[in-house]
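Numbering of residues begins at 1 and proceeds along the displayed sequence.
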Amino acid sequence: LVADLAQDLPERERFRRLLAALRAVLPADAAALLRLEGEWLRPVAIDGLVPDALGRRFRIADHPRLAQLMAAGQAMRFAPDSQLPDPYDGLINDVSHGELHVHDCMGCVLQVGGRTWGLLTLDALEEGRLSDPHSLAVLQAFSNLAAATVTTAERVSQLARSAAHHTTPGGTTDSAPRRMSGHSAC
């Protein structure tokens with residue numbers, strides 16, 4: 001994952017690898033990276049959720065679990081018997097069991113450049129799957145890698161936009177030819 005930071009990858013692939021690495025470390029059935037857009041959270045990458053989840057937006061006020069994660073400011077796990085509705089119920093990508101309900105979930109706020117960027121969430125169908133006492137610390141530490149990944153993706157995107165802005169249709173830069181000054185011994 002750290003090696004990916006130096007790779008020239010499309011943003012979606014960079015985020016997909018991030019979530020795959022997270023699921024390799026913590027035993028979840030699904031993971032999502034959600035970007036904060038005003039009062040909404042929009043999935044920008046998913047792993048283990050149905051593809052339809054990428055097209056959804058979650059209004060924070062309508063999803064108490066997401067609201068609690070946003071307010072917590074650090075990694076937290078919901079009790080498996082929590083009565084709060086889970087935004088991913090029915091969205092876990094496991095067609096062998098029909099509509100599945102999440103029984104164990106955790107998440108943490110993602111801070112980028114000192115501001116709240118969004119959330120990193122993990123969900124499991126099996127109660128207690130995320131109950132290891134070290135899981136919260138692992139998720140919190142992983143959020144630093146996630147922040148670095150997001151920062152890298154944003155900078156690569158910014159550089160690409162800047163390069164596109166400074167390139168003419170012929171593929172050359174739009175800066176004027178520079179005149180060299182000086183004397184040559186030739």
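- Hydrophobic cluster membership is shared by Phe58 and Met76, with clusters built from Ile, Leu, Val, Met, Phe, Trp and Tyr side chains linked at under 4.5 angstrom.
- A pairwise comparison of heavy atoms in Ser143 and Leu120 identifies CA-CD2, 4.4 Å as the closest pair.
- Taken from CZ in Arg129 to CE in Met106, the straight-line distance is 13.0 Å, to the nearest 0.5 Å.
- Val50 and Leu34 fall within the same hydrophobic cluster, where Ile, Leu, Val, Met, Phe, Trp and Tyr residues are linked whenever their side-chain heavy atoms come under 4.5 Å apart, directly or through other members.
- Note that the CG atom of Leu33 and the CD1 atom of Ile46 stand 11.0 Å from one another [nearest 0.5 Å].
- Pairing each heavy atom of Cys108 with each of Ala75, the nearest pair is CB-CA, 3.4 Å.
- Residues Phe78 and Asp86 form no side-chain contact, since every pair of their non-hydrogen atoms from C-beta on lies 4.5 Å or further apart.
- Taking the side chain as every heavy atom from C-beta outward, Ile60 and Leu36 approach each other to under 4.5 Å.
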Exercise. Can you list the steps and then say if Phe142 with Leu26 is a side-chain contact (heavy atoms from CB on, under 4.5 Å)?
Worked result: CA-CA 10 Å; Phe142 201 91; Leu26 293 170; over 6 Å; no
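- Under the 3.5 Å distance criterion, the side-chain polar atoms of Gln83 are matched with a main-chain donor or acceptor of Asp81.
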Problem set entry | side-chain contact (heavy atoms from CB on, under 4.5 Å) evaluation trace for Gln68 with Leu84 | CA-CA 10 Å; Gln68 282 189 16; Leu84 296 175; 3.4 Å; yes
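- At least one side-chain heavy atom of Pro27 sits under 4.5 Å from a side-chain heavy atom of Leu130.
- With hydrogens and angles ignored, the 3.5 Å screen pairs a side-chain donor or acceptor of Arg23 with a backbone N or O of Asp29.
- Hydrophobic clustering places Val25 together with Leu145 (ILVMFWY residues linked when any side-chain heavy atoms are closer than 4.5 Å, directly or through intermediates).
- Nearest approach of Ser131 to Arg77, heavy atoms of both residues: CB-NH2, 3.6 Å.
- Nearest approach of Leu69 to Gly107, heavy atoms of both residues: CD2-O, 3.5 Å.
- Contact check for Arg56 versus Pro87: no side-chain heavy atoms found under the 4.5 Å cut-off.
- In plain terms, the two heavy atoms of Ala30 and Leu49 that are nearest each other are CB-CD2, 3.6 Å.
- Looking at heavy atoms from C-beta onward, Leu139 lies in side-chain contact with Leu22 at the 4.5 angstrom threshold.
- Under the 4.5 Å side-chain criterion, counting only non-hydrogen atoms from C-beta, His63 is not in contact with Leu41.
- A search for salt bridge (charged side-chain N to carboxylate O under 4.0 Å, His left out) contacts involving Glu127 returns nothing, not counting sequence neighbours.
- Note that CG of Asp62 and CZ of Arg57 are 11.5 Å apart. Values are rounded to the nearest 0.5 Å.
- When the side chains of ILVMFWY residues are joined at heavy-atom separations under 4.5 Å, either directly or via intervening members, Trp40 and Phe15 end up in two distinct hydrophobic clusters.
- Summarising the geometry of Asp123 relative to Cys105, their closest heavy-atom pair is OD1-CB, 2.9 Å, with the distance given to 0.1 Å.
- At a threshold of 4.5 Å between non-hydrogen side-chain atoms, the residues Leu110 and Thr116 do not count as touching.
- Residue pairs that meet the salt bridge (Lys or Arg N to Asp or Glu O under 4.0 Å) test with at least one member in residues 137-151, sequence neighbours left out, do not exist here.
- Using a 4.5 Å cut-off on side-chain heavy atoms (C-beta onward), Asp104 and Glu126 make no contact.
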